[in-house]
2 protein chains.
Amino acid sequence: MAKITIKDVAREAGVSISTVSNALNDVDVLSPETKAHILKVAQRLNYVPNLNGKLLKSGTTKMLGFFTTSVSGPYFYKLVESMSRQCDRLGYGLNVFVTKDKQVIMSNILGRRVDGVIIYEELGIDEQDIAAMKKDKIKAVFLDRVLEDEGMGSIIFDSYESGYEATKYLISLGHKRIAYISGVDTMFDSVQRKEGYLAALREYQLPVEEEFILQGYFEEDSTYNAVKSYLRLHPARVPDAFLAGNDISAMGCIQALKSYGYEVPQDVSVMGFDDIDIAPYYSPPLTTVRNQIARQGMLAIDHLVRMIQDKEQGAAQKLQGELVVRGSSHVKLERKDRR
Amino acid sequence: MAKITIKDVAREAGVSISTVSNALNDVDVLSPETKAHILKVAQRLNYVPNLNGKLLKSGTTKMLGFFTTSVSGPYFYKLVESMSRQCDRLGYGLNVFVTKDKQVIMSNILGRRVDGVIIYEELGIDEQDIAAMKKDKIKAVFLDRVLEDEGMGSIIFDSYESGYEATKYLISLGHKRIAYISGVDTMFDSVQRKEGYLAALREYQLPVEEEFILQGYFEEDSTYNAVKSYLRLHPARVPDAFLAGNDISAMGCIQALKSYGYEVPQDVSVMGFDDIDIAPYYSPPLTTVRNQIARQGMLAIDHLVRMIQDKEQGAAQKLQGELVVRGSSHVKLERKDRR
DNA sequence: CTTTTTGATAAAAACGTTTTTATTGACTCT
DNA sequence: AGAGTCAATAAAAACGTTTTTATCAAAAAG
């Protein structure tokens, strides 16, 4: 029992192929009886159009592709969740391609499996690939990089601004000696957050001190060790506050402080970035800066669809972070001595 | 500048279409020079085959589809992560379709966008749809239901066994009066866990008491209220241990116990199911039963690919849970009086 | 020296659609 | 009454591939 095609329906209904196609696609040229008859036959045979044939001919799929190297972690599922909701709303399907093989990515994009693409992937797609996509008039929105390159869209978080705002918040609590725990220096977001931190210090004319910039690599353990070794070496110069490159790092920092007998936030304020799921449950609950992930997903789909409909040119957008104040930060108090 | 097709490559290289196709697909009938020449031309023109044309003709896509109504939460991303890794390993691509529209799901499945499908969706696909898929020889693996129906695969967690093992563990700690906090009685997993719990009680000849079965609806608040009202009504008959339908519920239970001055685990043991991300960070860290999500994903892909290659018939598999002992459970102690 | 075989390439058919164009027969004009 | 419109349907072309079949010259076989 082979797959039922439009041909089978035509034969069974005693009409031509084109008539069946018209009936199925609701083109209004057929007599109501013929149409009804054909639909009934199609139903009876359980006919389902072959999407590849359909797509090959019509060139449009009503499908958007999301290309990513990973879906691990809350960032991705929040993103996918919001994108798929918005797709539903706009009458598109969402198709997530998880692969690390650039070849696969490019051939799916250029091979027209989807009407437009959202791209998030750390490695791989370079200027040349983007040029190829532009040449083919592929509509794309990037989530992980700024594109000066016109024609393509991008929606990224303003990490610089987040770093800046976080630092300003700590300053507003009365803290003057604010340390920064750096993430990975090759990552764009990481660097931007630090830049924002430095800018805020400069703006408030607080000294930028070399030893106040620690290296935590976005990991709990590394940060724990880095902070501990700082406290060992400079017991007399403990910062008022630590701004960690992300929440994981903030957690390591808090552990290290606790192990040296400092109370957070009474003795030292600590904050991170990302507002990961466990942040509100941590002890103390973490003050952090949250990225509006759902908004990013929603805007990406919106923008892409408008690009596809030629209502909008690709453009770059930046999203502001959202300060979330919880228990790990506190106005500056006179610190009790180290136990 | 329209899309480059195989025709353009043929014209440019001065050969026929079929020759180009042979060159590109490495069919070994061409002279090395011709082949090299064609490949060079294709490269120069940035030719990328149209996947729809290709697929339409050859009928195979080397793509697997994962159909789901949601990707929210850790379960899904762990699942997708493991599936995509296994796909990579086996030379397939993974394609996640997120939609609540059954129509979309069915037309993508039957419309041959993918070589095989993994299905997880709570509502929608019924016996009739499955019959249609079988008729079309679609290869499918279900993750959310047992399929007695031969021909299709399914890989589910053995929730009955998990409930049984969890209860046995609590009994092994010396607990005799074990309460169960039920989830949602329409959900398969929820019911199965409770059945396992009851079976263990029966096996050890412990009395099954009506009041010991509370209703928590898998929510923190509902459970909190349910447990609290139990403690208010039966202050003299506090269980030795609570087995909550999931970790969220366990958290609510612990809060309620604390509010009545009971210490967990010294006074009462509490455990849940799922091992959610915050379980190890909770206070106390939760004892729970973990489902092997990554294993489920891996097995699903494996099974599906073997079905596609006709090496295996669809079959049902069950995965055992994994007991994770943390701080919320303890051997039975003589309980101090209520404060 | 003709007939076969072989090797390399080209032509044509096929996949399942949609879309464009053609073909009817019935109706409406003047 | 003949030409022109119209409604309904059919036929054919097209989408971009792969695959099957055909072509044709050169080499091998007799």
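For clarity, every value in this text was computed on a predicted model and none was experimentally measured. Reminder, nothing fancy here: chain letters follow the sequence lines and each chain counts from 1.
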The side-chain hydrogen bond (donor to acceptor under 3.5 Å, both in side chains) partners of A:S70 (sequence neighbours excluded) come to none
How is B:N52 classified with respect to the nucleic acid when contacts are heavy atoms under 4.0 Å: base, sugar-phosphate, or nothing?
nothing
What I'd like to find out is whether the side chain of A:M152 reaches to under 4.5 Å of the side chain of A:I130, using heavy atoms alone.
yes
Mind checking whether B:F66 and B:V117 have side chains closer than 4.5 Å, heavy atoms only?
no
Return the residues of residues 56-63 of chain B meeting this criterion: a heavy atom under 4.0 Å from some atom of DNA chain C. Order them by number, or give none.
B:L56, B:K57
Close N or O pairs between protein and nucleotides 23-27 of chain D (under 3.5 Å):
none

What does B:T5 touch in the nucleic acid at a heavy-atom separation under 4.0 angstrom: a base, only the sugar-phosphate, or nothing?
sugar-phosphate
Find the distance A:H37:NE2 to D:dT9:P and express it as a whole number of Å.
12 Å
Is there side-chain contact between A:K3 and A:D8, with at least one heavy-atom pair below 4.5 Å?
no
Do you know which of B:V9, B:V20, B:N22 makes side chain to side chain contact (heavy atoms under 4.5 Å, CB included) with B:V15?
B:V20
Are the side chains of A:I156 and A:V146 in touch, meaning some heavy atoms are under 4.5 Å apart?
yes
Could you check how far CG of B:L24 sits from C1' of D:dT19, rounded to whole Å?
15 Å
Return the value, rounded to whole Å, for the distance between atom CG of A:D28 and atom P of D:dA8.
9 Å
Rounded to whole Å, how long is the line connecting atom CZ of A:R112 with atom C1' of D:dT17?
15 Å
Can you tell me the distance, in whole Å, between the NZ atom of A:K54 and the C1' atom of D:dA14?
17 Å
Using a 4.5 Å cut-off on heavy atoms from C-beta on, say whether the side chain of B:Y47 contacts that of B:P49.
yes
Taking ring-ring contact (aromatic ring centres under 6.0 Å, His included) as the cut-off, I'd like each qualifying pair that reaches into residues 95-120 of chain B, sequence neighbours left out, listed once.
B:F67-B:F97, B:Y75-B:Y120, B:F76-B:Y120
Spacing between A:E33 atom CD and D:dA8 atom P, to the nearest angstrom
9 Å
Specify the separation, in whole Å, of atom NZ of A:K3 and atom P of C:dT17.
8 Å
Considering only nitrogen or oxygen atoms on both sides, find all protein atoms under 3.5 Å from nucleotides 4-12 of chain C and state each distance.
| unit_1 | atom_1 | unit_2 | atom_2 | d |
| --- | --- | --- | --- | --- |
| C:dT9 | OP1 | B:T34 | OG1 | 2.7 |
| C:dT9 | OP2 | B:S31 | N | 3.0 |
| C:dT9 | OP2 | B:S31 | OG | 3.2 |
| C:dT9 | OP2 | B:T34 | OG1 | 3.1 |
| C:dA10 | OP2 | B:S16 | N | 2.8 |
| C:dA10 | OP2 | B:S16 | OG | 3.4 |
| C:dA10 | OP2 | B:T19 | OG1 | 2.9 |
| C:dA10 | N7 | B:S18 | OG | 3.4 |
| C:dA11 | N7 | B:S18 | OG | 3.2 |
| C:dA11 | N6 | B:S18 | OG | 3.0 |

Checking A:R306 now: which residues fulfil salt bridge (Lys or Arg N to Asp or Glu O under 4.0 Å) with it, not counting sequence neighbours?
A:E312
Of the residues in residues 41-50 of chain B, which ones touch DNA chain D at a heavy-atom distance under 4.0 Å?
B:Y47, B:V48, B:P49, B:N50
Ion pair present between A:D310 and A:K139, side-chain N to carboxylate O less than 4.0 angstrom?
yes
Among all residues two or more places apart in sequence or in another chain, which pass the salt bridge (Lys or Arg N to Asp or Glu O under 4.0 Å) test with B:D88?
none
Under-3.5 Å N/O pairs linking protein and nucleotides 24-26 of chain C:
none

4.5 Å side-chain heavy-atom contact, B:Q296 and B:M83
no
Roughly, in whole Å, what's the span from CZ in A:R11 to P in D:dT9?
20 Å
Listing request: all salt bridge (charged side-chain N to carboxylate O under 4.0 Å, His left out) pairs with a residue in residues 42-52 of chain B, at least two apart in sequence or in separate chains.
B:E12-B:R44
To 10°, what angle do the rotation axes through the five end pairs on each side of the helix from C:dC1-D:dG30 to C:dT30-D:dA1 form?
60°
Closest non-hydrogen contact found for A:V104 with A:T99 is CG1-CG2, 3.9 Å
Pair A:D277 + A:K78, salt bridge at N-O below 4.0 Å
yes
Under the salt bridge (charged side-chain N to carboxylate O under 4.0 Å, His left out) definition, can you give me all pairs with a residue in residues 14-32 of chain A, not counting sequence neighbours?
A:D26-A:K35
